[in-house]
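Side chains are part of it too, since the values below use all heavy atoms of this structure and drop only hydrogens, waters and symmetry mates. Position 1 is the first residue of the sequence; numbering continues from there.
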Amino acid sequence: MNIAVVGGGLAGLAVALGCEQDGHDVSLFEASDALGGRMKTLHVNGHPLDAGFHVLHTAYPSLARWMDVGALGGKPMDACTMTIQPSTGKRRVLGDALHAPRYLFPTLRSVGVRDGLRFLRWRLGTSGRDLERSMDAPTPTIKQGLKQRNFSASTRRVLEPLFAGITLDPSLSERMAFANFAWGAMSHGEMIVPYGGIAAVPNQLASRLKTTTVHLNTRVENVTATTVDANGETMPFDRVVLAVPQHVAQEVFSPLDGTHKPVERLTSTVAFVTKTPPYSEGRLLLNEEWGQHGNDVLHVHLPTNVHPHPAGEHWVVATLVGAPATSPDVESVRHELRKWFGESVSNWKHLATTTVRYALPHIDPTHHERFMSEIEIEGVLLAGDHRAHPSVQGTLRSAERILEHLKIPIPKEV
Ligand SMILES: Cc1cc2nc3c(=O)[nH]c(=O)nc-3n(C[C@H](O)[C@H](O)[C@H](O)COP(=O)(O)OP(=O)(O)OC[C@H]3O[C@@H](n4cnc5c(N)ncnc54)[C@H](O)[C@@H]3O)c2cc1C
């Protein structure tokens with residue numbers, strides 16, 4: 001078959017790879033000048049800087065089918081999160097004691113025995129073998145779900161920013177089922193940062209493409225079951241796979257326009273260079289007062305604590321989500337971080353600012369199946385995270401579903 005794949009992010013790359021390995025002629029259309037989509041890494045001062053905080057969960061079941069994870073040279077983040085109350089300077093540590101027993105007592109000191117047991121019950125309720133199981137039942141929103149799990153208000157001050165960061169949604173309106181999935185992924189594997197940054201993941205798939213014709217800088221304007229319109233030309237194909245982000249899919253394929261109207265999720269990072277890092281571990285520092293007046297920074301991480309900079313630079317990256325991420329102001333972020341780390345922040349040099357618009361899809365909160373049911377609408381095949389759930393696992397599963405639908409085998413494990 002002559003197959004068009006529109007969109008060169010992770011979903012499009014996986015579909016293209018599966019199709020070409022099954023002997024089909026594949027044309028891959030990508031609007032930008034590079035493959036990889038939202039898994040994007042900049043190179044600043046000779047070191048990778050991801051556009052948005054992004055980790056790879058080794059527990060994702062699809063990962064082993066598509067990736068040589070070992071070849072990514074990934075290093076794990078700490079099996080713990082640290083929190084700060086900027087107004088008091090108080091910090092807490094919440095760790096996964098089953099992963100790393102050294103975090104048992106610090107975690108119990110942070111959340112108390114009752115919430116410690118609630119964490120344990122939640123963890124034991126997730127299935128390492130079927131992480132996506134939780135998606136199959138109707139659930140409340142994350143905001144409501146955390147309350148229903150009876151976590152104290154003090155522990156919710158940690159969990160709410162944590163899940164706002166995972167879903168890039170300050171209102172926590174995503175399904176609790178997704179939080180359960182994410183909790184399971186964190187519990188049953190590691191969160192690794194690839195050596196070359198998160199773009200190393202799609203780059204590995206792209207490097208395996210042999211016969212696919214890749215058209216970069218080619219924005220597709222419209223698709224039907226058998227045609228692709230780009231650069232003023234209508235090109236015929238046997239099958240068309242649309243693997244673009246949610247908001248673009250609605251623009252280029254009119255039958256999607258009348259479906260669920262998504263809310264944009266966006267995130268920005270403001271990165272600084274400092275001579276002395278404020279902490280030395282590869283972990284997040286979450287803001288317990290996030291969302292209160294003057295507390296726009298959701299969390300901070302130091303990528304150079306995971307993969308050291310070759311020239312010894314130390315990078316501090318502050319993450320914002322929602323409205324404050326629209327046009328981040330370096331000096332406002334610096335002002336805020338002075339409350340976290342003291343006056344030395346005044347001497348930090350601004351390194352880079354990144355903003356990702358439409359960073360994650362907004363899935364209809366009433367949806368309660370692990371995958372969106374429509375894989376084919378009016379003959380067009382639909383892939384990408386918006387067809388499943390907003391994660392690398394959801395993205396790869398959406399590609400696998402397209403291949404299964406076309407009776408094309410998923411490429412052999414690498
Ligand atoms: C900041 C950030 C952090 C994240 N963190 C995590 C995480 O820690 N763990 C996790 O599991 N997931 C995470 N994700 C989610 C994960 O990265 C995405 O779900 C996944 O990359 C989506 O891949 P995709 O192929 O569906 O879409 P995309 O990557 O968006 O790919 C779509 C491609 O289509 C192209 N395109 C758009 N319009 C057109 C057009 N008209 N014609 C042709 N091409 C077009 C785009 O340029 C893009 O390359 C994160 C995402 C972001 C943005």
Side-chain angles (χ1 to χ4, degrees), residues 50 52-55 57 76-97 99-100 103 106-112 115-116 118-119 122-123 142-143 145-147 149 151-172 174 178-179 182-183 185-187 191 193 265 267-272 277-303 305-306 315-322 324-325 328 333 336-342 345 359-360:
D50 289 335
F53 175 72
H54 209 313
V55 285
H57 296 265
M77 300 277 294
D78 262 10
C80 99
T81 295
M82 217 158 47
T83 69
I84 185 166
Q85 291 175 12
S87 61
T88 61
K90 192 178 159 206
R91 291 191 190 191
R92 298 198 268 175
V93 167
L94 266 93
D96 183 348
H99 239 120
Y103 293 128
T107 302
L108 289 180
R109 259 199 311 277
S110 298
V111 299
D115 275 355
R118 288 181 185 114
F119 275 122
W122 192 9
R123 188 197 198 285
I142 294 178
K143 183 104 184 160
L146 292 177
K147 276 196 192 138
R149 286 209 154 261
F151 284 114
S152 65
S154 153
T155 298
R156 288 206 307 276
R157 280 208 308 273
V158 177
L159 289 174
E160 290 185 358
L162 181 68
F163 281 101
I166 291 172
T167 59
L168 304 178
D169 169 24
S171 71
L172 297 172
E174 177 62 71
F178 180 74
W183 196 250
M186 288 188 274
S187 303
M191 298 193 307
V193 182
R265 294 183 175 176
T267 181
S268 288
T269 62
V270 180
F272 297 92
Y279 60 90
S280 57
E281 298 91 350
R283 54 173 78 152
L284 279 188
L285 180 57
L286 267 181
N287 186 356
E288 286 195 39
E289 291 165 358
W290 166 77
Q292 296 172 24
H293 179 69
N295 280 282
D296 288 339
V297 174
L298 177 71
H299 61 66
V300 152
H301 73 287
L302 280 77
N305 284 356
V306 181
W315 293 359
V316 183
V317 181
T319 292
L320 303 119
V321 299
V333 171
E336 227 182 287
L337 293 186
R338 265 200 293 266
K339 289 185 251 160
W340 297 35
F341 303 123
V345 174
L360 289 179

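Using cut-offs of 30° and 60° for the angle between ring planes, the F119 and F151 rings count as tilted.
Contact annotation: the side chain of F272 approaches that of L337 to within less than 4.5 Å [non-hydrogen atoms, C-beta and beyond]. V193 has its side chain within reach of M77: a pair of non-hydrogen atoms, C-beta onward, lies under 4.5 Å apart. Between F53 and P303 the shortest side-chain heavy-atom distance does not fall below 4.5 Å. At least one side-chain heavy atom of N305 sits less than 4.5 Å from a side-chain heavy atom of Y279. Under the 4.5 Å side-chain criterion, counting only non-hydrogen atoms from C-beta, L284 is not in contact with M191. E174 places a side-chain heavy atom less than 4.5 Å from the side chain of R265. With contacts defined as side-chain heavy-atom distances shorter than 4.5 Å, the pair I84/K90 does not qualify. Residues Y103 and L108 are not in side-chain contact: their nearest non-hydrogen atoms beyond the backbone lie 4.5 Å or more apart.
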Can you give each donor-acceptor pair under 3.5 Å made by side-chain atoms of residues 291-300, sequence neighbours left out, with the distance rounded to 0.1 Å?
from, atom 1, to, atom 2, distance (Å)
N295, OD1, N287, ND2, 3.2
N295, ND2, H293, O, 3.3

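The OG1 atom of T267 sits 11.0 Å away from the NE2 atom of H54 when rounded to the nearest 0.5 Å. Expressed to the nearest 0.5 Å, how far CG of L320 lies from CD of E336 amounts to 7.5 Å. Distance check: L286 CG to M82 CE gives 10.0 Å after rounding to the nearest 0.5 Å. Between the OG1 atom in T83 and the CD atom in E289 there is a gap of 10.0 Å [rounded to 0.5 Å]. Considering CZ of R92 and CG of L285, their distance stands at 12.5 Å, rounded to 0.5 Å. Note that CH2 of W290 and CD of Q85 are 16.0 Å apart. Values are rounded to the nearest 0.5 Å.
Here the closest non-hydrogen pair linking S154 and E288 is O-OE1, 4.5 Å. The two residues L302 and P277 have their closest heavy-atom pair at CD2-CB, 3.6 Å. Between P170 and A164, the shortest heavy-atom distance links the atoms CA-CB, 4.3 Å. Residues W122 and A179 approach most closely at CZ2-O, 4.2 Å, considering heavy atoms. The minimum heavy-atom distance between G52 and T269, with the atom names listed, is CA-CG2, 3.8 Å. Residues H99 and A79 come closest through the heavy atom pair CB-CB, 4.1 Å.
Partners of T155 according to the side chain to side chain donor-acceptor pair (under 3.5 Å) rule, which considers only residues two or more places apart in sequence or in another chain, are D115, S152.
Listed by first and then second residue, the salt bridge (charged side-chain N to carboxylate O under 4.0 Å, His left out) pairs involving residues 76-89 are D78-R283 (not counting sequence neighbours).
No donor-acceptor contact under 3.5 angstrom links the side chains of S110 and R91, judged on distance only.
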